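Predicted model, so just to flag it, every value in this text is computed and none were measured. Whatever order the structure lists ligands and atoms in, that order sets their numbers, starting from 1.
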Amino acid sequence: MPDPAPSPPAAPRLQRTTVRPRTGIVHLGPGAFFRAFNAVYTEDAMDAAGGDWGIVAVSLRSAGIRDRLMPQGCAYTAIARAPQGMQDRIIGAITEVLVAPEDPQAVLARMADPAIRIVTLTVTEKGYCHDPATGRLRRDDPGIAHDRARPDRPVTAPGFLVAALARRRAAGLAPFTVLSCDNLPGNGALTRAITLDLARARDPRLADWIAAEARFPSCMVDRITPATTPADIAALAARAGYTDLACVTHEPFRQWVIEEDFVAGARPAWEAGGAQFVRDVGPHETMKLRCLNGTHSALAYLGYLAGHETIAETVADPAFARYCRYLWRIEILPGLKQPEGEDLPAYCDALLERYRNPAIRHRTWQIAMDGSQKLPQRILGTIADNLDAGRPIRGLALAVAGWMRYAGGIDEAGRPIDVRDPLAAELRAASDGAASVEDRVAAFLNIRAVFDPALAGAEPFRAALIAALRGLVARGARAMVEELVA
Ligand code: CS2
């Protein structure tokens with residue numbers, strides 16, 4: 001019998017070989033998206049135009065990223081995966097990683113350092129502690145309640161912004177620019193509103209100073225970035241000869257459209273990486289949230305229920321690809337404002353190609369996460385606009401019914417679904433407590449954090465949801481999608 005193949009020697013850990021830049025940015029939320037997107041643009045900016053824009057990355061929760069990045073000198077590999085092959089690039093823009101719960105004072109000290117001119121955020125929708133249906137700060141959020149009671153030992157992103165801005169004001173410094181990079185509509189205005197709300201509770205003069213002096217530009221961010229897997233790390237080690245526990249994989253495409261509104265005009269030359277600076281990012285943002293994230297969520301719930309593991313697998317099924325095209329052409333594009341420089345039908349054609357990229361394994365389960373925080377801006381706004389304008393809503397209502405079915409926690413084969421959502425318990429109760437499909441729809445529509453009262457009370461919406469959910473329960477997601485696009 002031949003000996004079993006020896007396991008390959010573990011490749012040595014990646015080590016930084018470049019000098020660390022001086023820091024100018026604090027970033028909250030150093031997840032895969034930030035490492036595949038913001039840090040790459042900042043690296044491009046410093047390569048092209050210099051500037052002290054190194055990034056102190058701050059994790060608001062766990063030490064995982066810090067423990068993976070710091071032993072590598074904060075360098076890591078961004079892996080672009082195209083159908084034709086891969087491209088690895090080592091990124092050195094991060095200078096340090098802090099873990100906020102371990103030492104909030106160290107984080108505040110960095111944020112109050114005069115060298116820091118921008119604070120960027122990718123903390124996901126729920127990190128803003130707002131009510132998704134109204135966009136307002138949730139004062140009853142446990143993190144916000146904590147930060148109001150202990151403003152100098154914050155735990156939330158808004159809490160850190162307010163405490164750091166208070167320190168800067170007390171020290172006679174200018175505020176920093178706050179740049180939210182999460183998929184929220186009017187992300188700058190929303191971040192400004194919640195920051196001011198929390199600041200006002202602490203000291204109205206602080207709130208007035210922030211309102212007058214700080215800047216909160218909105219931006220649209222786009223790059224598909226699936227969670228890194230052990231297989232990605234192993235494949236990189238085999239290919240490149242080093243182990244990188246903080247590597248990220250992403251699609252080649254990227255787009256960043258930013259409002260040109262920074263404190264003292266201070267910012268990296270992000271245009272070097274292709275970022276566009278505009279006066280009003282609204283139409284770009286709505287286009288991206290509704291065309292991309294809207295269909296992403298629709299594919300995530302219905303694709304998962306139909307047994308598909310990834311988005312690429314889902315759209316490889318012709319019925320789902322047709323469903324996407326139907327949603328864009330009939331239910332989404334007719335209500336959009338034309339963003340400058342975009343050709344909307346071409347944008348959607350390109351999107352379908354991006355979804356099809358077989359080198360990107362973006363799990364439907366990953367995108368299905370936090371649906372209660374995502375649906376309002378991705379899908380429900382389009383439905384409300386369509387109802388007002390007399391346009392169809394059947395396809396989008398099927399997606400919402402798919403979410404309701406998914407959030408019930410049992411898949412079409414009777415297996416449990418690992419539903420991750422801050423409202424998971426409430427969603428499950430809405431599902432389990434109902435005796436009929438009508439009752440189930442009514443219980444979901446009653447969740448005020450998701451559905452505003454006008455939409456919840458719209459009869460045609462309720463009727464479309466009941467029809468769709470009944471069909472999903474009786475015939476399954478694939479059959480319903482097929483029937484819709486037949
Ligand atoms: C996705 C987004 O996970 C999700 O909810 O829809 O992360 C999406 O991949 C990005 O917004 C693409 O830019």
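Defined by atom type and a distance below 3.5 Å, a donor-acceptor pair is present between the side-chain atoms of Asp232 and Thr229. In the model, Asn38 has no side-chain atom that pairs as donor or acceptor with a side-chain atom of Thr120 under 3.5 Å. Side-chain contact annotation: Asn386 with Glu331, donor-acceptor N/O pair under 3.5 Å absent.
The residue from Thr122, Asp222, Asn293, Ile224 that puts a heavy atom closest to atom 8 (C) of ligand 1 is Asn293. In the candidate list Met369, Lys288, His296, Arg378, Lys288 is nearest to atom 10 (C) of ligand 1, counting heavy atoms.
Within the 3.5 Å criterion, the main-chain N or O of Asp182 finds no donor-acceptor partner in the side chain of Glu125.
Evaluation of the side-chain contact (heavy atoms from CB on, under 4.5 Å) rule for Glu412 yields Leu305, Arg405, Ala477 as partners, not counting sequence neighbours. Applying the ring-ring contact (aromatic ring centres under 6.0 Å, His included) test to Tyr41 and every residue at least two apart in sequence or in another chain returns Phe37, Trp256.
Within the listing of ligand 1, atoms 3 (O), 4 (C), 5 (O), 6 (O) sit less than 4.0 angstrom from a heavy atom of Ile367. Ligand-side atoms of ligand 1 in range of Asn183: 11 (O), range being under 4.0 angstrom from any heavy atom.
Ligand 1 has an N or O atom lying under 3.5 Å from an N or O atom of Arg223, backbone or side chain. When only interatomic distances are considered, the shortest N/O to N/O separation between Lys374 and ligand 1 falls below 3.5 Å.
Under a 4.0 Å heavy-atom criterion, His362 is in contact with ligand 1.
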